[in-house]
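Order of appearance sets the numbers: ligands from 1, and atoms from 1 within every ligand. Here the structure is a predicted model, which means the values were calculated and not measured. We use all heavy atoms of the structure for the numbers below, so side chains are in, but hydrogens, waters and symmetry mates are not.
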Amino acid sequence: MYLVTTKRNTMKRIIILTGAGMSAESGISTFRDNNGLWENHRIEEVATPEAWERNPEMVLEFYNQRRKQLFEVKPNAGHRALVRLEKKFDVQIITQNVDDLHERAGSSKVLHLHGELKKVRSTVDQNLIYELDHWEIKLGDKCEKGSQLRPHIVWFGETVPMIDKATEMVKTSDIFMVIGTSMVVYPAAGLIHYVEWEIPKYYVDPKAFSVQGISNLKVLRQKAGEALPGLVDRLLKEG
Ligand code: OAD
């Protein structure tokens, strides 16, 4: 038996929770701003298991349109800034977004809490997940077990399978950031409460509400693409 030492990862860990505002400057509508997606579509008609039961065609069409748009947009300056943090930090992104703009910008660790637009899955076996290279799924498109494919999205009323993993990640933060989310959808909005009180926290959102009871929180009421390049420079400098 040899005595060995293991090398501890000494990089500081930054955990970043992002929402729809992160992708707004790429041209993707948020949900709850003026003219947001939920102003023009009813959640109950397109984003619930009941909607899928009642009118799968309408649900597929809603997500087909989102997916079509996703093939046409690009990551923005905010996404790109977060990639630079990896030069010096162990960065974990937890996103509520179903787009792949963090990955396309180059971020290496991204956890999707609410699913992914470019994936679909079987309706009889939730482990049968397929990556799409095109935007449209139709009624009649089936998995290898012969069941209709559905969007790989967590709908309202469904459990959030990744939340326990996300909670454990958040507890390990040395720095925590929240970017572009109205913080009204749970359980995602509750993640900030698992961050240790002494940890520095940043909240970047032009309409950031005043958060009560969160210690060491710095609020930047700016767009992600405006605030993040400077904030990232500062964090890289301070180490
Ligand atoms: P919301 O639409 O609720 O909130 C978007 C936030 O982004 C708002 O607080 C805006 O002020 C902010 N914002 C707008 N432009 C911005 C910019 N350029 N830079 C930074 N922030 C900006 O979206 P989410 O909080 O992401 O879930 O919504 C959470 C969940 O509700 C979504 O994941 C989705 C939705 O229903 C599902 O569909 C399951």
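- Of the candidates Gly180, Ala24, Ser26, Ala24 brings a heavy atom nearest to atom 15 (N) of ligand 1.
- Between the choices Ala208, Ser182, Ala227, the shortest heavy-atom distance to atom 3 (O) of ligand 1 belongs to Ser182.
- Contact annotation: for Val185 versus ligand 1, heavy atoms closer than 4.0 Å belong to the side chain alone.
- Atom CZ of residue Arg121 and atom CD1 of residue Ile153 lie 9.0 Å apart, to the nearest 0.5 angstrom.
- Heavy-atom neighbours of Gln126 CD from other residues, nucleotides or ligands within 6.0 Å: at or below the threshold of 12.
- A salt bridge is defined here as a Lys NZ or Arg NE, NH1 or NH2 lying under 4.0 Å from an Asp or Glu carboxylate O, and Lys118 with Glu116 fails to meet this definition.
- Under the 3.5 Å distance criterion, with hydrogens and angles disregarded, no donor-acceptor pair is assigned to the side chains of Gln69 and Gln65.
- Of the candidates Met22, His112, Arg32, Gln96, Arg32 brings a heavy atom nearest to atom 31 (O) of ligand 1.
- Look at Pro206 and you'll find a heavy atom under 4.0 Å from some atom of ligand 1.
- At a cut-off of 3.5 Å, with distance as the only test, a side-chain donor of Glu144 or Tyr130 sits close to an acceptor on the other residue.
- Looking at atom 32 (C) of ligand 1, its nearest protein heavy atom turns out to be Phe31 CE1, 3.5 Å.
- For ligand 1, the atoms closer than 4.0 angstrom to any heavy atom of Val154 are 39 (C).
- The closest approach between a heavy atom of Val184 and any atom of ligand 1 is not below 4.0 Å.
- Polar contact check, Trp38 against ligand 1: a nitrogen or oxygen pair lies under 3.5 Å apart.
- Within the listing of ligand 1, atoms 11 (O) sit less than 4.0 angstrom from a heavy atom of Lys207.
- What sits closest to atom 25 (O) of ligand 1 on the protein, heavy atoms only, is Thr181 OG1, 2.6 Å.
- Considering both main-chain and side-chain atoms, Asp205 comes within under 3.5 Å of ligand 1 through a nitrogen or oxygen pair.
- Looking only at atom types and distance, the side chain of Ser107 has no donor-acceptor partner in the side chain of His79 under 3.5 Å away.
- Of the protein's non-hydrogen atoms, the one nearest atom 26 (O) of ligand 1 is Ala20 N, 2.8 Å.
- Under 4.0 angstrom from ligand 1, the non-hydrogen atoms of His114 all belong to its side chain.
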Could you please spell out the steps behind the side chain to side chain contact (heavy atoms under 4.5 Å, CB included) verdict for Ile214 and Leu217? CA-CA 6 Å; Ile214 303 287; Leu217 179 71; 4.1 Å; yes

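- Under a 4.0 Å criterion applied to the non-hydrogen atoms of Gly19, ligand 1 contributes the atoms 26 (O).
- Looking at ligand 1, you'll find an N or O of Glu25 within less than 3.5 Å of one of its N or O atoms.
- Sorted by first and then second residue, the salt bridge (Lys or Arg N to Asp or Glu O under 4.0 Å) pairs involving residues 163-189 (not counting sequence neighbours) are Glu168-Lys171.
- Side-chain contact of Ser108 with Glu86: a donor-acceptor pair under 3.5 Å is present, judged by distance alone.
- No donor-acceptor contact under 3.5 angstrom links the side chains of Thr18 and Gln96, judged on distance only.
- Evaluation of the salt bridge (Lys or Arg N to Asp or Glu O under 4.0 Å) test over residues 15-33, restricted to residues two or more places apart or in two chains, returns Asp33-Lys207.
- In summary, the atoms of ligand 1 found under 4.0 Å from a heavy atom of Asp33, numbered by their order in the structure, are 10 (C), 11 (O), 14 (C).
- Nearest protein heavy-atom contact of atom 19 (N) of ligand 1 is Ala224 N, 2.8 Å.
- Cation-pi geometry between Arg67 and Phe71 is not met at under 6.0 angstrom from the ring centre and within 45 degrees of the axis.
- Considering backbone and side-chain N/O of Ile179, none are found under 3.5 Å from N/O of ligand 1.
- Residue contact check for ligand 1: Phe156 places a non-hydrogen atom closer than 4.0 Å to it.
- Shown here is Glu72, whose CD atom has more than 12 heavy atoms of other residues, nucleotides or ligands within 6.0 Å.
- In terms of protein heavy atoms, atom 16 (C) of ligand 1 is closest to Gly21 O, 3.6 Å.
- Residue contacts with ligand 1 for Trp155 are absent, since no atom lies close enough (heavy atoms, distance under 4.0 Å).
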